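In what follows, a single structure is set out as C-alpha cells and then discussed.
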Amino acid sequence: PLMKYLILIMCVIGAGALGYFGEGYLRPVRAAKSDPNASDKQDLLFNMPLGKFTMQITQNRKVLHLVFDLDVYIMGASAFQSLNGAVGRARLRDATVTAISELAETDPNLAQPHEAEARQAELTSQIVRKLYVTFPSVRTARLNSFHANVTARE
C-alpha cells in the first residue's frame, strides 16, 4: 500500500512539473502583430542631444577651431535605450569627434562659413554616414549651431 501512494505522489509531482515547465509550449500562439501600434512604436526616431563640441584640429599651416552643437536621432526604442546611458553617449560623442576630424582632413571647405542651410545639411549627412558605420541605429542628425575659425600657425 505504501508503494501505491508513493507512485501516486510521484505522478502528481511529475504532472505538476510538466505543466509548469511545458506551459509555454502548450499555450496557443498569438499573431505577432496583434497590436497595430506596436510596430509604429519600434520605428520611431528618438532625439539624443549630444551637446556642444569644441575642437581644435591642426592642419598643414593652420589651426582649425570648430564649435558645434549636434543632436542625433536614433531609430527604435531598444536601440535608443542601449545608447542612452553614459557609456553609449560617450561612445557616440567619441565617434562624432572622430567623424568631424576625418571630415576636416578630407574637406578643405569645412572652415568656410556654414550659414547656408544646404551646406549645413550636407555636413550633417556626412557626419551621419560616418556614424552609421558604427551605430546603424543612427538615422539622421540636426546641426543646431556650427562655427569654424582658422588661425595661421607659425
Side-chain angles (χ1 to χ4, degrees), residues 1-59 64-110 114 116-148:
L2 184 64
M3 193 62 149
K4 195 188 313 181
Y5 290 118
L6 196 58
I7 290 173
L8 186 62
I9 290 172
M10 289 305 288
C11 285
V12 169
I13 291 174
L18 183 65
Y20 182 76
F21 293 111
E23 180 259 341
Y25 298 106
L26 300 174
R27 185 185 319 137
V29 180
R30 279 202 314 259
K33 290 204 176 190
S34 61
D35 183 8
N37 296 326
S39 62
D40 296 343
K41 287 179 183 150
Q42 291 300 315
D43 297 338
L44 288 177
L45 289 177
F46 292 88
N47 181 9
M48 181 181 288
L50 291 183
K52 191 169 262 191
F53 293 82
T54 304
M55 296 174 62
Q56 180 175 323
I57 300 167
T58 307
Q59 295 175 332
L64 180 61
H65 302 276
L66 298 173
V67 178
F68 57 96
D69 186 359
L70 185 74
D71 293 357
V72 294
Y73 292 87
I74 310 291
M75 174 71 87
S78 58
F80 180 75
Q81 288 298 327
S82 67
L83 287 174
N84 198 18
V87 174
R89 271 184 201 262
R91 286 180 47 228
L92 205 49
R93 282 183 66 90
D94 290 347
T96 304
V97 168
T98 304
I100 292 284
S101 300
E102 290 172 359
L103 284 174
E105 291 174 9
T106 58
D107 188 355
N109 297 325
L110 194 64
H114 288 80
E117 280 191 31
R119 178 66 180 124
Q120 279 198 1
E122 177 189 334
L123 183 64
T124 305
S125 69
Q126 288 175 321
I127 294 170
V128 169
R129 267 185 252 131
K130 288 186 177 290
L131 288 177
Y132 183 82
V133 174
T134 316
F135 301 96
S137 58
V138 172
R139 289 294 191 259
T140 185
R142 183 177 69 219
L143 202 54
N144 298 320
S145 66
F146 186 93
H147 303 286

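The structure presented is a predicted model; accordingly, all values stated were derived computationally and were not measured. Quick note: numbers below take in every heavy atom, side chains included, and nothing from hydrogens, waters or symmetry partners.
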Which heavy atom of [X] sits nearest to which heavy atom of [Y], and what is that distance?
| X | Y | answer |
| --- | --- | --- |
| L143 | L70 | CD1-CD1, 3.7 Å |
| M75 | L45 | CA-CD2, 3.9 Å |
| L92 | T96 | O-OG1, 2.8 Å |
| L83 | M48 | O-CE, 3.4 Å |
| S101 | I57 | CA-CD1, 4.1 Å |
| L64 | A104 | CD2-CB, 4.0 Å |

**Asked** Checking side-chain contact (heavy atoms from CB on, under 4.5 Å) for the pair I100/F68: CA distance, chi angles, key distance, verdict?
**Response** CA-CA 10 Å; I100 292 284; F68 57 96; 3.5 Å; yes
Would you give the length of the straight line joining atom [atom1] of [X] to atom [atom2] of [Y], rounded to the nearest 0.5 angstrom?
| X | Y | atom1 | atom2 | value |
| --- | --- | --- | --- | --- |
| D69 | H147 | CG | NE2 | 9.5 Å |
| L18 | I13 | CG | CD1 | 13.5 Å |
| L131 | L50 | CG | CG | 8.0 Å |
| Q81 | I74 | CD | CD1 | 11.5 Å |
| D71 | T124 | CG | OG1 | 10.5 Å |
| T140 | Y73 | OG1 | OH | 8.0 Å |

**Request:** Enumerate the residue pairs fulfilling salt bridge (charged side-chain N to carboxylate O under 4.0 Å, His left out) with a member in residues 121-132, sequence neighbours excluded, ordered by first and then second residue.
**Result:** E102-K130, R119-E122
**Message:** For the residue pair R93 and F53, would you count it as a cation-pi contact if the rule is NZ or CZ under 6.0 angstrom from the ring centre and within 45 degrees of the ring axis?
**Reply:** yes
